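Both backbone and side-chain heavy atoms feed into the values below; hydrogens, waters and symmetry mates do not. Every chain is numbered from 1, with letters handed out A, B, ... down the list of sequences. Owing to the predicted nature of the structure, the values given are computational and were not obtained by experimental measurement.
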Protein chains: 2
Amino acid sequence: MATNTEKMIPYCMSRLSAAGYKATAARKIVLQALCELPGHCTSADVLNKVNQMGSDIGRASVFRILELFSKLSIIRPTYVNGSTPEYVLLPKNGHHAHIVCPKCNKVTELKICPFEPQLEQIAAQHEVQLTGHILELFGYCAACSPAG
Amino acid sequence: MATNTEKMIPYCMSRLSAAGYKATAARKIVLQALCELPGHCTSADVLNKVNQMGSDIGRASVFRILELFSKLSIIRPTYVNGSTPEYVLLPKNGHHAHIVCPKCNKVTELKICPFEPQLEQIAAQHEVQLTGHILELFGYCAACSPAG
DNA sequence: TTAGATGCAAATAGTTTGCATTTGT
DNA sequence: ACAAATGCAAACTATTTGCATCTAA
């Protein structure tokens, strides 16, 4: 839903296989849950969603799957508020950007990420093969701004 | 140490006061610990450091202080590996950028952040008052790269 | 066929809360 | 003087682990 589920699921499942992991039913369902959940979601959100979907995948498996997906940069954990990670699904291009208000914790997703050329350069300089990135901006939203 | 402790501490303490919070001894010591610890650190690291420094600030206070500092964008929690947040101290200019290897979790800090002009523009578009940002790049390091 | 993935339940680690006491302004 | 911050210990929540069972390749 959020990120073109129909294409995202087979794409990610094939990435699993390509990396030498099994394309299991549990992994597919967690992926589907991630796609159908809006934007940021916690492990608990995923667990609930998966249960709602009629699957009885266990807590432990959900955690293991989220960890694997993170390792493959299919998702990435971020901190917005509270002490549990919120996962974001990285689209095929690997870009994610959002603004968090440090006062009310409101999150605004940014559609675009204008930093392509610079990223390539950084990747080359540091000899890394980029798989994705997250830009987190912190700033008071209009409602919380000290200035008004 | 990492970020010019001598200037950082009074600067941050005055930000506390400016925001209406008390400039307490405990907060100053936690700040000092954060400055002296290298790069990324967990709540446990801070707690240990604080104890090493001869202070007996309680666990709960450390957590409360870290939360407050996060709210003020003095530090920000990030997720690199495991399920506990790693805090980074944001320098005065609010910039932090690093590369995480999704395989071995090695973190490379980036000195520079070349995105100033675009950030200003985004801030204006979304009517937010930026206090800092973190750019997280995910990519295989030379040692872990599938290509070699 | 078999290495790898899952489910369960118990163990662990990390974080939060309530309340009496202390401290900065 | 008083609101705010702290320390303690108990409560809570989230995550991990071990092991038997199951499943994709």
Side-chain angles (χ1 to χ4, degrees), chain A residues 9-10 12-33 40-51 53-72 74-75 77-87 105, chain B residues 9-10 12-33 40-51 53-72 74-75 77-87 105:
Chain A
I9 292 179
C12 291
M13 293 308 285
S14 70
R15 279 174 64 189
L16 275 181
S17 304
Y21 298 95
K22 290 184 181 173
T24 66
R27 287 171 180 166
K28 193 167 185 177
I29 289 168
V30 168
L31 198 46
Q32 198 172 337
H40 292 222
C41 55
T42 63
S43 57
D45 293 335
V46 174
L47 199 49
N48 288 340
K49 183 72 181 178
V50 155
N51 287 337
M53 289 163 74
S55 171
D56 54 354
I57 304 172
R59 229 180 303 284
S61 298
V62 168
F63 280 101
R64 285 184 282 228
I65 292 171
L66 291 175
E67 191 187 352
L68 175 62
F69 286 2
S70 297
K71 193 163 76 180
L72 296 176
I74 289 172
I75 58 176
T78 66
Y79 250 122
V80 167
N81 76 83
S83 61
T84 60
E86 297 186 9
Y87 294 91
N105 290 320
Chain B
I9 292 178
C12 292
M13 293 309 284
S14 69
R15 279 174 64 190
L16 276 181
S17 304
Y21 298 96
K22 290 183 182 174
T24 67
R27 287 171 180 165
K28 194 167 185 178
I29 289 167
V30 168
L31 199 46
Q32 198 171 339
H40 292 220
C41 56
T42 63
S43 57
D45 294 334
V46 174
L47 200 48
N48 289 339
K49 183 70 180 178
V50 155
N51 287 339
M53 291 164 74
S55 172
D56 54 355
I57 304 172
R59 228 180 304 282
S61 298
V62 168
F63 280 101
R64 285 184 284 227
I65 292 170
L66 292 175
E67 191 187 352
L68 175 62
F69 287 2
S70 297
K71 193 163 75 179
L72 297 176
I74 288 172
I75 58 177
T78 65
Y79 259 120
V80 167
N81 76 82
S83 62
T84 59
E86 296 185 8
Y87 293 91
N105 289 321

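In this structure, Ile29(B) atom CD1 and dA5(D) atom P are separated by 16 Å, rounded to whole Å. Following rounding to the nearest Å, Phe63(A) (CZ) and dT16(D) (P) show an atom-to-atom distance of 7 Å. The separation between Met13(B) atom CE and dA5(D) atom C1' is 12 Å, rounded to whole Å. As a whole-Å value, the separation of Leu47(A) CG from dT16(D) P is 14 Å. The distance from atom CG of Leu68(A) to atom P of dT16(D) is 14 Å, rounded to the nearest whole Å. In this entry the distance linking CZ of Arg59(B) with P of dA9(D) reads 10 Å, nearest Å. We find that CG of Leu16(B) is positioned 10 Å from P of dT6(D), with the value rounded to whole Å.
Checking each of Ser43(B), Cys41(B), Pro77(B) against Pro85(B) for a side chain to side chain contact (heavy atoms under 4.5 Å, CB included) leaves exactly one that passes, namely Pro77(B). Across Asn48(B), Ile29(B), Val30(B), a single residue satisfies side chain to side chain contact (heavy atoms under 4.5 Å, CB included) together with Met53(B), and that is Ile29(B).
Looking at heavy-atom distances under 4.0 Å, Ala26(A) makes contact with sugar-phosphate atoms alone, never a base. At the heavy-atom level, Ser43(A) lies under 4.0 Å from the strands shown only through sugar-phosphate atoms.
Between Leu16(A) and Leu31(A), every side-chain heavy-atom pair lies at or beyond the 4.5 Å cut-off. At a threshold of 4.5 Å between non-hydrogen side-chain atoms, the residues Ile9(B) and Met13(B) count as touching.
Close approach of DNA chain C to chain A, defined as any atom under 4.0 Å from a non-hydrogen atom of the protein, starts and stops at dA3(C) to dT16(C).
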Sugar-phosphate or base contact per nucleotide [nucleotides 19-25 of chain D; S, B, -; heavy atom under 4.0 Å]: ----BBS
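Considering only residues two or more places apart in sequence or on other chains, Lys22(A) meets the side chain to side chain donor-acceptor pair (under 3.5 Å) condition with none of them. Here Tyr21(B) pairs with nothing under the ring-ring contact (aromatic ring centres under 6.0 Å, His included) rule; sequence neighbours left out.
We find the CZ-CG distance between Phe69(A) and Leu72(A) to be 8.0 Å, quoted to the nearest 0.5 Å. The CD1 atom of Ile74(A) sits 5.0 Å away from the CZ atom of Arg15(A) when rounded to the nearest 0.5 Å. With values rounded to the nearest 0.5 angstrom, Asp45(B) atom CG is found 3.0 Å from Thr42(B) atom OG1.
Nearest heavy atoms, Ile75(B) versus Tyr87(B): CD1-CD2, 3.5 Å.
A residue-by-residue look at Ser83(A) and Arg27(A) shows that Arg27(A) has its nearest nucleotide of DNA chain C further toward the 5' end.
Note on the helix from dT1(C)-dA25(D) to dT25(C)-dA1(D): angle between the axes of the first and last five pairs equals 60°, rounded to 10 degrees.
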Contacts under 3.5 angstrom, residues 56-68 of chain B side chains, donor-acceptor by atom type, not counting sequence neighbours:
none

